[in-house]
Amino acid sequence: MTIPFYKYHGTGNDFILVDNITNPNVTCPHDPELIKSLCHRKFGIGADGFIFLEKSGSYDFEMIYYNSDASQSLCGNGSRCAVHLASYLGIINNVADFLAIDGPHQARIQDNLVYLQLHDVSTIQMMGNDYFLNTGSPHYVRLVQNLVETDVIELGKSINASQSFQNTGTNVNFVQLEANNQISVCTYERGVNDETLSCGTGVVAAALVASQKGYTSPVYVVTKGGELQISFCKHNTAFSNICLVGPATQVFQGKITI
Ligand SMILES: N[C@H](CCC[C@H](N)C(=O)O)C(=O)O
């Protein structure tokens, strides 16, 4: 079977997307070995993750995300790419009501940017001098003085593998607070087991931690892969109306033969 795929990136966080909605004769299987081999940077197409657009009875579509190791989670940047592809395929116009692993999400496309609503965050947990919160996926956040001097991969790997996270793992974000309500973020991603050029749910976690240091909505985030904006309503250490805003780029199309 030949399956069309769409290669996307959302601020450098890159994904292979397949459409299991518009052509009933072509369905890509949710095969972990296929996902891992196609995400492989040398032997496959290469991507941080793999995304399926699936039919949903109650929503415009369901978006199912797999990290490159075939583990599942919510993916903020991937969700933005999925919304862009759904619009490209005519599944939606510019507004989406879709289902992801953590439940329903709303999104819209405006001026080439995708606005993604995330679920409320009820609390930010302190872990020593660091922070832990769940923005749809788990995020450990450390504020650093000098991001360029931070060994993101080695530190991220060790925190992800530490006793506190031995059963679940965690994404690890290193954050430098800048002037003018701006922060810089580097992320080691669980399930990719490497640094990614940006992490959507990670920059949201970083922005909410920055709000504990006086940063206000919207927080502007600089990542190695590009710029993102996070807006939110703050209620002490709880947050609502969280919105991740950024571009989603279709880089190329191709065909997978299985
Ligand atoms: N690696 C994450 C999922 C992808 C998160 C990231 N790519 C994003 O944009 O939110 C995890 O296993 O929790």
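It should be emphasised that the depicted structure is a prediction, and the values quoted were computed from it without experimental measurement.
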Kindly determine whether I258 and I3 satisfy side chain to side chain contact (heavy atoms under 4.5 Å, CB included), including the steps that lead there. CA-CA 8 Å; I258 59 173; I3 301 166; 3.5 Å; yes
Please list all pairs meeting side-chain hydrogen bond (donor to acceptor under 3.5 Å, both in side chains) that have one or both residues in residues 115-129, counting only residues at least two apart or in different chains. D102-H119
Considering all heavy atoms of both residues, which atom of [X] and which atom of [Y] are nearest to each other, and what is their separation?
X	Y	answer
P218	N181	O-ND2, 2.9 Å
A248	H84	O-CD2, 3.5 Å
L99	P104	CD1-N, 3.7 Å
L208	I124	O-CD1, 3.8 Å
L228	G246	CD2-CA, 3.8 Å
H9	G12	ND1-N, 2.9 Å

Report the C-alpha distance between Q110 and N94 in whole Å, list the side-chain angles of each, state the deciding distance to 0.1 Å, and finish with yes or no for side chain to side chain contact (heavy atoms under 4.5 Å, CB included). CA-CA 7 Å; Q110 187 179 331; N94 286 331; over 6 Å; no
Results of side-chain contact (heavy atoms from CB on, under 4.5 Å) for H30 - residues two or more places apart only: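 For H30, the residues satisfying side-chain contact (heavy atoms from CB on, under 4.5 Å) (neighbours in sequence not counted) are N20, F52, E54, I64, Y66.
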Indicate yes or no: at least one non-hydrogen side-chain atom of [X] is less than 4.5 angstrom from one of [Y].
X	Y	answer
V144	L147	yes
Q166	S164	no
R80	P247	yes
L133	V209	yes
L113	Q229	no
I91	T22	yes
V121	N134	no
T196	E189	yes

Return yes if some donor-acceptor pair links the side-chain N/O of [X] with the main-chain N/O of [Y] below 3.5 Å, else return no.
X	Y	answer
S87	N93	yes
N173	Y140	yes
D97	D60	no
N146	V148	yes
N171	P138	yes
S71	N67	no
T223	G225	yes
N236	A238	no
D194	V192	no

Which residue pairs pass the ring pair (Phe, Tyr, Trp, His ring centres under 6.0 Å) test with at least one member in residues 199-235, sequence neighbours excluded? F232-F239
Run S184 and E178 through side-chain hydrogen bond (donor to acceptor under 3.5 Å, both in side chains) and show every step you take. CA-CA 7 Å; S184 297; E178 317 276 9; 2.6 Å; yes
Straight-line distance of [X] [atom1] to [Y] [atom2], nearest 0.5 Å:
X	Y	atom1	atom2	answer
R190	S137	CZ	OG	6.5 Å
F61	D19	CZ	CG	11.0 Å
Q253	L17	CD	CG	11.0 Å
S79	L74	OG	CG	5.0 Å
C75	N13	SG	CG	5.5 Å
L38	I45	CG	CD1	4.5 Å

[X] and [Y]: same hydrophobic cluster, using ILVMFWY side-chain contacts below 4.5 Å?
X	Y	result
V26	L34	yes
V203	I159	no
V172	V175	no
I101	I21	yes
F15	V18	no

Checking S198 against N77 for the side-chain hydrogen bond (donor to acceptor under 3.5 Å, both in side chains) test, could you report, in this order, the C-alpha distance in whole Å, the side-chain angles of both residues, the deciding distance, and whether it holds? CA-CA 8 Å; S198 80; N77 287 331; 3.0 Å; yes
Any salt bridge linking K157 with D151? Criterion: basic side-chain nitrogen under 4.0 Å from a carboxylate oxygen. no
Considering only NZ, NE, NH1 and NH2 on the basic side and carboxylate oxygens on the acidic side, decide whether D14 and K7 come within less than 4.0 Å.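 A salt bridge is present here (some side-chain N lies under 4.0 Å from a carboxylate O).
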Between C28 and F50, is the side chain to side chain contact (heavy atoms under 4.5 Å, CB included) condition met? List the steps. CA-CA 11 Å; C28 185; F50 199 105; 4.2 Å; yes
Is it the case that atom [atom1] in [X] sees more than 12 heavy atoms from other parts of the structure closer than 6.0 Å?
X	atom1	result
F252	CZ	yes
Q145	CD	no
N23	CG	yes

Is the closest side-chain donor-acceptor distance between T201 and H139 under 3.5 Å? yes
Is the ring centre of F165 less than 6.0 Å from the ring centre of F132? yes
Test salt bridge (charged side-chain N to carboxylate O under 4.0 Å, His left out) on R41 and D48; report intermediate values, then the result. CA-CA 9 Å; R41 294 284 178 196; D48 293 330; 2.8 Å; yes
Run through V185, V245, T11 and flag the one making a side-chain contact (heavy atoms from CB on, under 4.5 Å) with V221. V185
Just do the side chain to side chain contact (heavy atoms under 4.5 Å, CB included) check on I183 and Q176 with the steps written out, would you? CA-CA 6 Å; I183 62 176; Q176 184 169 320; over 6 Å; no
